[in-house]
Amino acid sequence: MNDEKVLSDFIRDIIEREMEEGKHDGRVQTRFPPEPNGYLHIGHAKSIVLNFGIAEQYDGKCNLRFDDTNPTREEEEFVSSMIEDIHWLGYDWDDRLFFASDYFGQLYEWAVQLIKDGKAYVDDLSPEEIREYRGTLTEPGKESPFRDRSVEENLDLFQGMKEGEFMEEERVLRAKIDMASPNINLRDPVMYRILHETHHRTGDEWCIYPTYDWAHGQSDSIEKITHSLCTLEFKNNRPLYNWFLDQLGIFHPRQIEFARLNITYTVLSKRRLIQLVEEGYVNGWDDPRMPTLSGMRRRGITPESIRHFIEHVGVAKKQSTIQRSKLDHFIRDDLNARTPRANGVLRPLKVVITNYPEDKVEMMEFPNHPGDESFGTRDVPFSKEIYIDRDDFREDPPKRFWRLSPGKEVRLRYAYFMTCQDVVKDEDGKIVELRCTVDPETRGGAAPDGRKVKGTLHWVSVPHALDVEVRVYDRLFNDPFPLDAEEGGDFTDSLNPDSLQVYSHVKVEPSLQGVKAGDRYQFERVGYFCVDPDSTEEKLVFNQTIALYDSWAKIEKRQEQERKRRKS
RNA sequence: UGGGGAGUGGUGCAAUGGUAGCACAGCGGCCUUUGGAGCCGUUGAUCCUGGUUCGAGUCCGGGCUCCCCAGCCA
């Protein structure tokens, strides 16, 4: 199941080629550089798995570096949640936890150096003027009137910026490159802006903060990163990344861009995720419907399945969207192997077994994992009254429905063959109870006469059942590409109103008494479930991680379409 | 429109001038005390157009489509 095949992609090809050439003496050093302004999601997981995975594969190291250059949007809360999430995914950075803010001093010195070299200048233009002077995609920009200030004046002004002598937006430090460059990033990019904010780590020590372009490459250089992996949209920034490093003459990492992860029926942009949380479409960052790592963890998805998924998706430069079913496959694949089984009835329908003694209770032996004996067995009580799922009974069964219906015999898993004798309804015609008989010769679920039944049902004894809550999740969006629906509307327009369904009186077998938040089970024939932290002593709460592959639902759907097609 | 990227089955990833392959999805079957799992089989693709070559997904020319860049965001 865990195919240990050696991963290969265009980035690893580059690394291997460089190793053969002896570059960096074969040393490989990567980094994962999140900005602590939100929660990590599965899109970040691609970068995490890539960076840590490559380091591992080539006997290198991967640093964790928080890119905290903008105090207006970053918070400590996000730092700790990110650390937790990356650890949960299975990666560690030993003592190599860094912050871009650790380098503010060095960055300042280097900026002074560039000013002295005549390669950076203080600009007094307003933000609006800077934008106007920048030109457009098709027209070159024009140079700021402040571009040719003397080194002394620049030094003086820059120090003034640092010492808080100016207001925000009053001045910036810009690199002096080329206002006519076809690459807009090279039209004298801003290196420092004035921000009178308290930084989560440096406090009020600084009132100027480096921009991404100025901070990132230099931070990579300080950490002697050999391969700086980032997403495609930074491709246009690479010439600038290289320019700073070349002007400074310092260690020069190589930036390589790859396509970010997209998945159907969800959004993976921090901005929209924030919107979902803040506008209350979901219940927080760790809502099990969220594609955040904390949400997926709460839902019961394993880190292993996320890693396998990412590894199988591959790395390339083509902008792409992975089908959700692929993620689902790896979630089931891992859960199937590792979760013990249990019985849970989501929509209970009471069954009275008329030929079974009133007070008798038998313990039936169930394997905890039919495919893996090492999970052991457990005893499950059986009695005169049991619950089965309403979906497992049809008064008027359609073709190929193998489950219970009047007069039909099915197997109660690891218990008895059972035949439906009678259907009890209330005054509204709603089925409230089934009356059935059991064949005592079939105890354990096998017939001595060799007769077969097609259907096997799961069940829970009424007097022994635990009453729990189950939350079943569906896709958050009805549109496979929620962002495409934005034209003329908002991506929230395609939100699925039925993405959360709560079953408040689910009946589960008594062995589940005392389970802990995070514990996972397969409710046989239903799906995989994970105990939610909302659980209390009185009431357990389960999240459905994912349903089992349901071939009957598929058959029925097809039958329905067939019927519709014939009608029209 | 200037610049930078990318186009291979439904989806994603391979094939590095030499039989277009793998995974997911789909379809069919086997097996089954989960209509689960597993196993076997199978449908289906090189954006278009010229050229180079014994041979082109790969190299060259032309075109088309999609994505990124005009934050003192990252």
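Below, chains carry the letters A, B, ... as their sequence lines are ordered, and counting in each starts from 1.
- Within a 6.0 Å radius of CZ in A:Arg443, more than 12 heavy atoms belonging to other residues, nucleotides or ligands are found.
- B:A74 and B:G9 have their P atoms separated by 38 Å, given to the nearest Å.
- Considering CZ of A:Arg271 and CD1 of A:Ile274, their distance stands at 9.5 Å, rounded to 0.5 Å.
- Within the nucleic acid shown, A:Ser551 comes within 4.0 Å of sugar-phosphate atoms alone, with no base atom in reach, counting heavy atoms only.
- Ionic pairing of A:Arg149 and A:Asp124 is present here: one or more N-O contacts between side-chain nitrogen and carboxylate oxygen are shorter than 4.0 angstrom.
- Across all strands shown, B:A74 has no partner, as no Watson-Crick or G-U wobble contact with both distances under 3.5 Å is found.
- With respect to A:Phe146, the side chain to side chain contact (heavy atoms under 4.5 Å, CB included) criterion is satisfied by exactly one of A:Asn154, A:Leu125, A:Val122: A:Leu125.
- Contact annotation for A:Gly445: base contact, defined as any heavy-atom pair under 4.0 Å involving a base atom.
- Of the nucleotides present, none pairs with B:G36 by Watson-Crick or G-U wobble criteria with both distances under 3.5 Å.
- Across all strands shown, B:G17 forms no Watson-Crick or G-U wobble pair with both key distances under 3.5 Å.
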- salt bridge (Lys or Arg N to Asp or Glu O under 4.0 Å) evaluation trace for A:Glu509 with A:Arg413: CA-CA 13 Å; A:Glu509 64 173 74; A:Arg413 195 151 157 85; over 6 Å; no
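- Across all strands shown, the partner of B:C22 is B:G12, judged by Watson-Crick or G-U wobble contacts whose two distances both fall under 3.5 Å.
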Quick one: which protein N/O atoms are closer than 3.5 Å to N/O atoms of nucleotides 13-17 of chain B? Pair and distance per line, please.
| residue | atom | partner | partner atom | Å |
| --- | --- | --- | --- | --- |
| B:C13 | OP2 | A:Lys318 | NZ | 3.2 |
| B:U16 | O4 | A:Asp13 | OD2 | 2.9 |

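- Contact annotation for A:Ser181: no contact, since no heavy-atom pair falls under 4.0 Å across all strands.
- Taking atom C1' in both B:C59 and B:C66, one finds a spacing of 24 Å when rounded to whole Å.
- In this structure, B:A56 makes no Watson-Crick or G-U wobble pair, since no nucleotide meets both defining distances under 3.5 angstrom.
- Judged as a salt bridge (charged side-chain N to carboxylate O under 4.0 Å, His left out), the pairs with a partner in residues 175-193 of chain A (not counting sequence neighbours) are, in order, A:Arg147-A:Asp188, A:Asp148-A:Lys176.
- With a cut-off of 3.5 Å on both Watson-Crick or G-U wobble distances, the partner of B:U1 is given as none.
- Heavy atoms of A:Pro370 sit under 4.0 angstrom from at least one base atom.
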- Task: Could you please spell out the steps behind the ring-ring contact (aromatic ring centres under 6.0 Å, His included) verdict for A:His199 and A:Phe104?
- Result: CA-CA 12 Å; A:His199 185 277; A:Phe104 282 176; 5.6 Å; yes
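- A:Leu457 has its CG atom 11 Å from the C1' atom of B:G35, to the nearest Å.
- To the nearest whole angstrom, the two C1' atoms, one in B:C48 and one in B:U65, are 10 Å apart.
- Remark: A:Thr377 engages A:Glu365 in a side chain to side chain contact (heavy atoms under 4.5 Å, CB included) (not counting sequence neighbours).
- The phosphate of B:U11 (OP1 or OP2) has no side-chain N or O of A:Tyr265 nearer than 4.0 angstrom.
- Rounding to the nearest 0.5 Å places NZ of A:Lys46 at 10.0 Å from CD1 of A:Ile263.
- For the pair A:Arg475 and A:Tyr265, the cation sits on the ring face: its NZ or CZ lies under 6.0 Å from the ring centre, inside 45° of the axis.
- Every residue two or more places apart in sequence or in another chain that forms a side chain to side chain donor-acceptor pair (under 3.5 Å) with A:Ser269 is listed here: A:Arg272.
- Taking the C1' atom of each, B:G71 and B:U52 are spaced 48 Å apart, rounded to whole Å.
- Rounded to whole Å, the C1' atom of B:U42 lies 16 Å from the corresponding atom of B:G21.
- With salt bridges taken as basic N to acidic carboxylate O contacts below 4.0 Å, none links A:Arg403 and A:Asp389.
- Salt bridge annotation for A:Asp102-A:Arg201: present, with a cationic side-chain nitrogen under 4.0 angstrom from a carboxylate oxygen.
- Rounded to an integer number of Å, the gap from A:Tyr414 OH to B:U34 P is 6 Å.
- Straight-line distance between the C1' atoms of B:C30 and B:C64: roughly 48 Å, to the nearest whole Å.
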Please enumerate all protein N or O atoms sitting under 3.5 Å from an N or O of nucleotides 30-32 of chain B, with distances to 0.1 Å.
none

- Under 4.0 Å protein heavy-atom contacts per nucleotide of nucleotides 68-74 of chain B, with B for base, S for backbone only and - for none: BBBSBSB
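- Here the nucleotide nearest the side chain of A:Ser325, chosen from B:G36, B:A25, B:G35, is B:A25.
- Salt bridge status for A:Arg65 with A:Glu223: present, with a side-chain N to carboxylate O gap under 4.0 Å.
- Atom-to-atom, CG of A:Leu412 to C1' of B:U34 comes out at 13 Å; the value is rounded to the nearest Å.
- Computed from coordinates, the A:Lys557 NZ to B:C27 P distance equals 10 Å when rounded to whole Å.
- Nucleotide B:G41 is matched to B:C27 when pairs are restricted to Watson-Crick or G-U wobble geometry with both distances under 3.5 angstrom.
- Applying the Watson-Crick and G-U wobble criteria (two distances, each under 3.5 Å), B:A6 pairs with B:U65.
- For A:Arg238 against B:G4, a side-chain-to-base donor-acceptor contact under 3.5 Å is absent.
- Going from atom CG of A:Leu7 over to atom C1' of B:G12 covers 15 Å, rounded to whole Å.
- Shown here, B:G71 is classed syn by the O4'-C1'-N9-C4 or O4'-C1'-N1-C2 angle, which is within 90° of 0.
- A:His329 has its NE2 atom 12 Å from the C1' atom of B:C22, to the nearest Å.
- Between the CZ atom of A:Arg558 and the C1' atom of B:G28 there is a distance of 10 Å, given to the nearest Å.
- Listed pair A:Arg341 / B:A37 fails the phosphate criterion, with no side-chain N or O lying under 4.0 Å from OP1 or OP2.
- Here B:G35 presents its P atom at 13 Å from CG of A:Asp391, a figure rounded to the nearest Å.
- Nucleotides B:U58 and B:C24, compared at atom C1', are 26 Å apart to the nearest Å.
- Base contact: A:Phe401 has a heavy atom under 4.0 Å from a base atom.
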- A:Phe529 and A:Tyr521: CA distance, side-chain angles, deciding distance, ring-ring contact (aromatic ring centres under 6.0 Å, His included) verdict: CA-CA 5 Å; A:Phe529 294 82; A:Tyr521 290 88; 9.8 Å; no
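- The same atom, P, is picked in B:U19 and in B:G55; the two are 15 Å apart, to the nearest Å.
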